[in-house]
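One structure is given here, and the rest of the page talks about it.
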Amino acid sequence: MGLQPLEFSECYLDSPSFRERIKAHEAELDKTNKFIKELHKDGKNLINATKQLGMAQRKFAQSLGDFKFEYIGDAKTDDEKCIDESLQEFSAFLKNLEDQRELMMRNITETLLKPLEKFRKEQLGSAKEERKRYEKDTEKYYSSLEKLLTLSAKKKDQQLQEADLQVEQMRLHFHEESLQYVYKLQEIQERKKFECVEPMLAFFQTVFTFYHQGYELAKDFNHYKTELQINIQNTRNRFEGTRSEVLDLMNKIKLNPEEHRQMSQLSIEGYLYAQEKRPPPFGYSWVKRYCTYMKEQKLFNMITFDHRSGGRTGEPESVTLKSCTRKTTDMIDRRFCLEIEVADRPGVAIVVQALSEDDRKLWMQAMGGKERVIEAQLDDIGFSFIQNSINAIESRGIKDQGLYRVVGVSSKVQKLLSLMMDLKTCTEVDLSASEDWDIKTITSALKLYLRSLPEPLMTYGLYKEFIVPAKCGSPESRTHAIHYLVYKLPEKNREMLCILMKHLANVADNCKQNLMTVANLGVVFGPTLMRPQEETVAAIMDLKFQNIVVEILIEQHEKIFRGPPDASLPTAIVSPNAPTRASKKQNRQNRPLAVYNPQVVELQAADCSNSVKDDTSLGSTESVSSQSSDATTSTSGSPPEKARNHLSTNDGNLMDCSGSLQSPDCWLCFQAYSINCGPATEESIYNLLRQTPYRTACSPFIMSCGSSSAAWFNCSYYLPNRSNCVTNRKAKAVYPCEAEHASELSFQAGAIFEDVTPSREPGWLEGELEGKRGLIPQNYVEIL
């Protein structure tokens, strides 16, 4: 609905409704004033941004015009001349376009911004001045009127007549000012329709003119563009012919590159990147060095040379080579690396990085290097090493922080694993009793052994099958599916996996000290125990599901490795028909933060005036969790209604001797008690039962008793007493559930809860399971 018109006749009445209509007109003018201010500000920003764009385009055009191509040879073809001049043509085109844009910006200022600002200052500004005068005259008139009315009747007639005359003059002036102000308001309301829109129309006409000029420039440029395309195609064709000849010449030289190299007494020379230790806490850095190796003397020389510092060289360093081995990416996070052991410095190794894999092979060949290969197999030696390592870890380092996450020194890890994989030396080392090997070296060697197996422990063939249950299904169905797949593994793989999972469960049991929870262990061992045969983007996206599989194996290791799965259970992953958790749709602020304490509720009920707001919000069937439970009841096909019927089919008595309902003696009485903050009456129970979700649960009850609350209590469907209701009752879990908060309970289907009582949070019960008390989703259980 638009603004109501201001009638001149109402200026004489000056009624409250008339003042309200004036205020509405004033508010509309204030909004228009604010709009024009913002539009003026945005217009200036647009002009400034366009100026910046124009400056950037002109700079770009200047760069194009200043550049000239240099050609090989002493003459240019006609096509090359045209291409050379093309940059100047492009530059001229852009400059012409920017001239048109600059003209458009000037027009925008004249046609849009200035007219709008003029309207705002002259028209809206004058209205504001009229408003001030109107308010001032209003104040003067009503103040004079009040003084006149307070004059004593005992005053002389002459004084009273003079006062009446003065007030009458002020009244006439006030009415005249009111008429003028009303006229001004309505005039501006009508004037703004064309004085605001007309400048905008002129602005868009300017914009359209600019784009039309651009279109005309493009048409003029089209003929030159076609010719230039022909010149470019001719130049490209000549380039292809010339390039083939140059390639033939290059290939001839490439066949005999040695003829063009200088003769040298060195076996090999070139650039390598050397790893150098820096002062703590900076770790290591990689420095480019020019290295030479003389095979006869076994002399390895290095000199620092940095092209970026003007070719400055450092002090040369010479060492005598003892051995050279390859460092794999399992040992260091860089490719093409070599480890050079120095003869004149025992225990010192120099790690260098070649420029490519071929370059690394040349250096290895020149220095007589060897590939470091560890043959890891699932044989007696492998099982012995794993058991030896686990015994050492559990006896000496089960509580070490970052166990399995903190890595050992790569050279020591390689040395330990080589020692333990050697048939001659594998029985000589007892890691539990030996202090020569620290825990992080042992854990790193264990992981390296698992990664070095010819095939992952959980096999390539079963990788996709293991990933599937991690992506869907309930926790129970996931566990069963993985249980089934574990027994499809080869016997040795399954035996090794059993040993590892039992050990990792022990590690997780000490997570308060070592900080390695099941989730952390899943991150560490997921890619180690299972990986796809081909590395693809899809496989990378499945990394998180590898971790979930390992977490399930650790948490359920006793069940999984106790024996083969029950053949009668289905092995396919089917999403269970469990109802949606109420808490899934709640915000953290609405989730129950603590276990309900009945004593607290009774104390709060004693002081109704202090707890009406809280009790109403907690007991309201409009809460988020109640809505979620209702949606579940109606859509999931699960039996929450059946569970609620258990609450209302036992015989009992609601009334006490005073005619009011005992509260909180039963589940429904307790809900009514929470809502009313007082004893539950027939009417409160009746209203409660008519609401969702109680209406659904008690539908047979309502249908049989009709709409009268008195009839409900006279029929045979009495509500239970406290002693016969959910209080102190047992409940059985119909669906599995995983806790999302410390105050909730996790459980599997079939779990039996003791001492089940109502909760303050609608849609939730309280119960005790395995000595722990917490919240239970009401539609996940049935009362026994």
Side-chain angles (χ1 to χ4, degrees), residues 64 67-87 227-274 286-296 298-313 321 324-329 332-340 351-373 534-537:
L64 287 177
F67 183 78
K68 291 185 179 296
F69 290 107
E70 294 295 337
Y71 290 87
I72 300 174
D74 54 1
K76 298 180 184 178
T77 64
D78 292 339
D79 294 324
E80 290 172 341
K81 289 177 182 179
C82 184
I83 290 174
D84 192 16
E85 295 169 356
S86 64
L87 297 185
E227 290 185 352
L228 182 60
Q229 287 174 336
I230 296 172
N231 298 137
I232 291 173
Q233 186 61 41
N234 293 337
T235 304
R236 176 180 283 112
N237 294 337
R238 282 194 294 271
F239 162 75
E240 295 294 340
T242 306
R243 185 177 64 168
S244 62
E245 296 180 5
V246 172
L247 284 175
D248 290 341
L249 176 62
M250 184 182 68
N251 290 330
K252 290 178 182 178
I253 297 174
K254 195 186 293 185
L255 292 174
N256 298 304
E258 299 298 331
E259 295 180 0
H260 302 276
R261 285 193 177 186
Q262 295 181 356
M263 299 301 295
S264 174
Q265 297 178 351
L266 302 173
S267 299
I268 191 171
E269 59 182 323
Y271 285 103
L272 296 173
Y273 283 81
W286 293 83
V287 181
K288 186 170 74 171
R289 294 189 168 190
Y290 192 78
C291 303
T292 61
Y293 177 67
M294 298 167 59
K295 189 172 183 179
E296 293 182 0
K298 289 193 173 182
L299 194 62
F300 185 76
N301 301 312
M302 296 185 294
I303 183 170
T304 304
F305 183 81
D306 190 359
H307 295 90
R308 291 172 294 187
S309 60
R312 186 174 56 194
T313 59
L321 179 71
C324 173
T325 54
R326 177 190 177 188
K327 283 183 76 70
T328 61
T329 53
I332 191 169
D333 191 24
R334 286 211 173 198
R335 301 183 299 165
F336 323 135
C337 289
L338 309 171
E339 186 176 72
I340 298 171
V351 179
V352 294
Q353 182 183 24
L355 304 182
S356 65
E357 180 65 18
D358 292 337
D359 193 35
R360 181 193 65 78
K361 290 178 180 179
L362 291 175
W363 281 95
M364 288 276 291
Q365 183 180 0
M367 294 189 290
K370 298 179 180 178
E371 297 282 346
R372 182 174 288 171
V373 179
E534 295 182 5
E535 292 187 6
T536 62
V537 174

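When a residue number appears, it is its place in the shown sequence, counting from 1.
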How about F336 and L355: do any of their side-chain heavy atoms sit closer than 4.5 Å?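 With C-beta onward as the side chain, the pair stays apart.
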Are any non-hydrogen side-chain atoms of F300 and M294 less than 4.5 angstrom apart? no
Partners of Y271 by ring-ring contact (aromatic ring centres under 6.0 Å, His included), sequence neighbours excluded? Y290, H307
Closest heavy-atom contact between [X] and [Y]?
| X | Y | value |
| --- | --- | --- |
| K295 | A366 | CD-O, 4.0 Å |
| T304 | V287 | CG2-CG1, 4.0 Å |
| L87 | L64 | CB-O, 3.4 Å |
| L272 | A354 | CD2-CA, 3.6 Å |

Interatomic spacing from [atom1] in [X] to [atom2] in [Y] - rounded to 0.5 Å:
| X | Y | atom1 | atom2 | answer |
| --- | --- | --- | --- | --- |
| L299 | T292 | CG | OG1 | 7.0 Å |
| N231 | S86 | CG | OG | 9.0 Å |
| C337 | Q353 | SG | CD | 4.5 Å |
| C291 | I340 | SG | CD1 | 7.0 Å |
| L362 | I268 | CG | CD1 | 5.0 Å |
| M364 | R326 | CE | CZ | 7.5 Å |

Output all residues satisfying side chain to side chain donor-acceptor pair (under 3.5 Å) with R335, sequence neighbours left out; order by chain, then residue number.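 R335 satisfies side chain to side chain donor-acceptor pair (under 3.5 Å) with no other residue.
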Non-neighbouring partners of Q365 that pass side chain to side chain donor-acceptor pair (under 3.5 Å), sequence neighbours left out: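 Q365: no side chain to side chain donor-acceptor pair (under 3.5 Å) contacts found.
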Output all residues satisfying side-chain contact (heavy atoms from CB on, under 4.5 Å) with N237, sequence neighbours left out; order by chain, then residue number.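 Expected list: Q233.
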With a sphere of 6.0 Å drawn around OH of Y273, does it hold more than 12 non-hydrogen atoms of other residues, nucleotides or ligands?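 No, because the 6.0 Å sphere around OH of Y273 holds 12 heavy atoms or fewer from other groups.
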Counting neighbours of NZ on K288 that are heavy atoms of other residues, nucleotides or ligands and sit closer than 6.0 Å, is the number greater than 12? yes
For E296, all residues meeting salt bridge (charged side-chain N to carboxylate O under 4.0 Å, His left out), sequence neighbours excluded: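 Checked E296 against salt bridge (charged side-chain N to carboxylate O under 4.0 Å, His left out); zero matches.
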Go through the steps for M367 and L338 under the test side-chain contact (heavy atoms from CB on, under 4.5 Å), then give the verdict. CA-CA 11 Å; M367 294 189 290; L338 309 171; 4.1 Å; yes
